[in-house]
Amino acid sequence: MYIPPNHPRRESLLLRERIVQGYKKGIVALEGLIAHGRGECFDYLLGEKTHDFAIKAIEAAAASIITAKHPVISVNGNTAALVPREIVELAEVSGAKIEVNLFYRTREREEAIANWLKQHGAEEILGVGDDASATIPELFSERRRVSPRGILIADVVLVPLEDGDRTEALRKMGKTVIAIDLNPLSRTARAATITIVDNVVRAMPLLIEKIKFLKNKPREELLGIIRRYDNNRVLQEALKTIMTRLADLSKSKLVLEFK
Ligand code: ATP
Ligand code: MG
C-alpha cells in the first residue's frame, strides 16, 4: 500500500502495514491485528514516545538479561513482524535464546515465524514442532507448550506483547518476566517483574543499546540496578503520565483551524 511521505500519521500507518504484511505471510494471527489496535490506542495516549519510566524499566531489564543464566526471548507473530532484526540482534548481544511461543499455535505459523527470523540472521529458534515438548503448569492455552531447552529452564524471559495468563504462570514458576506492553493496566503489565510501557518498535533498539552499554559493568553494579527497581512505581508513573497529558489537553484548544 502506498503511504504519502507527508502523511501526518505515516509512522503509525507503516507499522500497520508491517502487521498486515506479516498476516499475509502467515506470521501474524488474525487476532494479532486487533491486539495491535489496542496497542495503538495506548500509544496515542502516551504521545507515541518513550518516557522516563520506560527508560528505567529498560535499564533494569538490561541488567536482568545480562546477569541471567538462561535468558530467553519469547516471540509471537506480532513481535516477529514488527522487530525481526532487533530480536536477532538482542539474542546476539546478550546470548539469549529465541523461542517461538504462540497463543494461536499452528505448525505452519511456527515455521513461518522461524523462517522469517532466520531470513533476518537468526541461527537457532526454539519452540518449533516437537521441540515444544514441555508444558508450563496451570496454563490451558497452546502457550503452555514450551521448549525444555528454552523457556522451561529460563530464569529470565523477555515477553514482548504477552498474554496475562502466561505472564502469571511464568511468575508462579519463579521466573523473572520482562514485559513490553503499551497498556499499563493489562494483566501482563501488572504481573511482570519488569514492565516496559512502550511500543516494542521503540523499546527493542533501546534495550539492545543498554545491554551493550552495561555488558561489561561489574556484576554488583548490575544487581544494584535490579534491587533498586520498583515496578509498581513505574506503572504508577505511566498512568500519571497519561492522566497529566489528558488533563493538559483537556484545557487546551483541540479544534484544528483551516484557513
Ligand atoms: P492481558 O492479557 O495482558 O490482560 P489484553 O488481554 O488486554 O492483555 P492482549 O490482546 O492479550 O491484551 O495483548 C495485546 C497487548 O499488547 C495489549 O495490552 C496491547 O497494549 C499490547 N501491544 C500491542 N501492540 C503493541 C506494540 N507495538 N508495542 C507494545 N505493546 C503492544
Ligand atoms: Mg490477553
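Whatever order the structure lists them in is the order used to number ligands and atoms, beginning at 1. Keep in mind that the numbers below use all heavy atoms, side chains included, and drop hydrogens, waters and symmetry copies.
- Side-chain contact, N101 with S74: no donor N or O sits under 3.5 Å from an acceptor N or O.
- At least one donor-acceptor pair closer than 3.5 Å links the side chain of K215 to the backbone N or O of V93.
- Metal site remark for the Mg ion (ligand 2): D163 contributes an N, O or S atom at a distance under 2.8 Å.
- Closest to atom 21 (C) of ligand 1 among all protein heavy atoms lies D181 OD1, 3.4 Å.
- The residues R107 and E111 are annotated as salt-bridged, a charged nitrogen and a carboxylate oxygen being separated by less than 4.0 angstrom.
- Against a heavy-atom cut-off of under 4.0 Å, L82 is close to the following atoms of ligand 1: 27 (N).
- Below 4.0 Å from some heavy atom of G39 lie the following atoms of ligand 1, by number and element: 19 (C), 20 (O), 22 (N), 23 (C), 24 (N).
- Residue L15 places no heavy atom under 4.0 Å from ligand 1.
- Between the side chains of T79 and N76, at least one donor N or O sits under 3.5 Å from an acceptor N or O.
- Side-chain atoms of W116 never come within 3.5 Å of backbone atoms of I27 as a donor-acceptor pair (strictly under, hydrogens ignored).
- Polar contact with ligand 1: present for G164 (N/O pair, distance under 3.5 Å).
- Ranked by closest heavy atom to atom 30 (N) of ligand 1, the top entry among L161, N199, V83, N183 is L161.
- For the pair R190 and P184, the tightest heavy-atom approach, listed with the atom from each and the gap, is CG-O, 3.9 Å.
- Listed by number with element, the atoms of ligand 1 under 4.0 angstrom from any heavy atom of D198 are 28 (N), 29 (C).
- At the top of the distance list for atom 8 (O) of ligand 1, counting protein heavy atoms only, stands S186 CB, 3.7 Å.
- Protein heavy atom at the shortest distance from atom 14 (C) of ligand 1 is A35 CB, 3.8 Å.
- In terms of polar-atom proximity, defined here as any N/O pair under 3.5 Å, D163 does make such a contact with ligand 1.
- Residues R145 and E110 come closest through the heavy atom pair NH2-OE2, 4.5 Å.
- Partner of V75 under the side-chain contact (heavy atoms from CB on, under 4.5 Å) criterion, chosen from V83, L117, L102: L117.
- On a distance-only criterion, L182 and ligand 1 share at least one N/O pair closer than 3.5 Å.
- Side-chain atoms of K175 come within 3.5 Å of backbone N or O of L152 as a donor-acceptor pair.
- For R187, a nitrogen or oxygen atom sits less than 3.5 Å from a nitrogen or oxygen atom of ligand 1, counting backbone and side chain alike.
- Of all atoms in ligand 1, numbered sequentially from 1 with element shown, those under 4.0 Å from a heavy atom of T188 are 1 (P), 3 (O).
- At distances below 3.5 Å, at least one donor-acceptor pair connects side-chain atoms of R109 with backbone N or O atoms of Y104.
- Here the heavy atom of the protein found nearest to atom 6 (O) of ligand 1 is R38 NH1, 3.5 Å.
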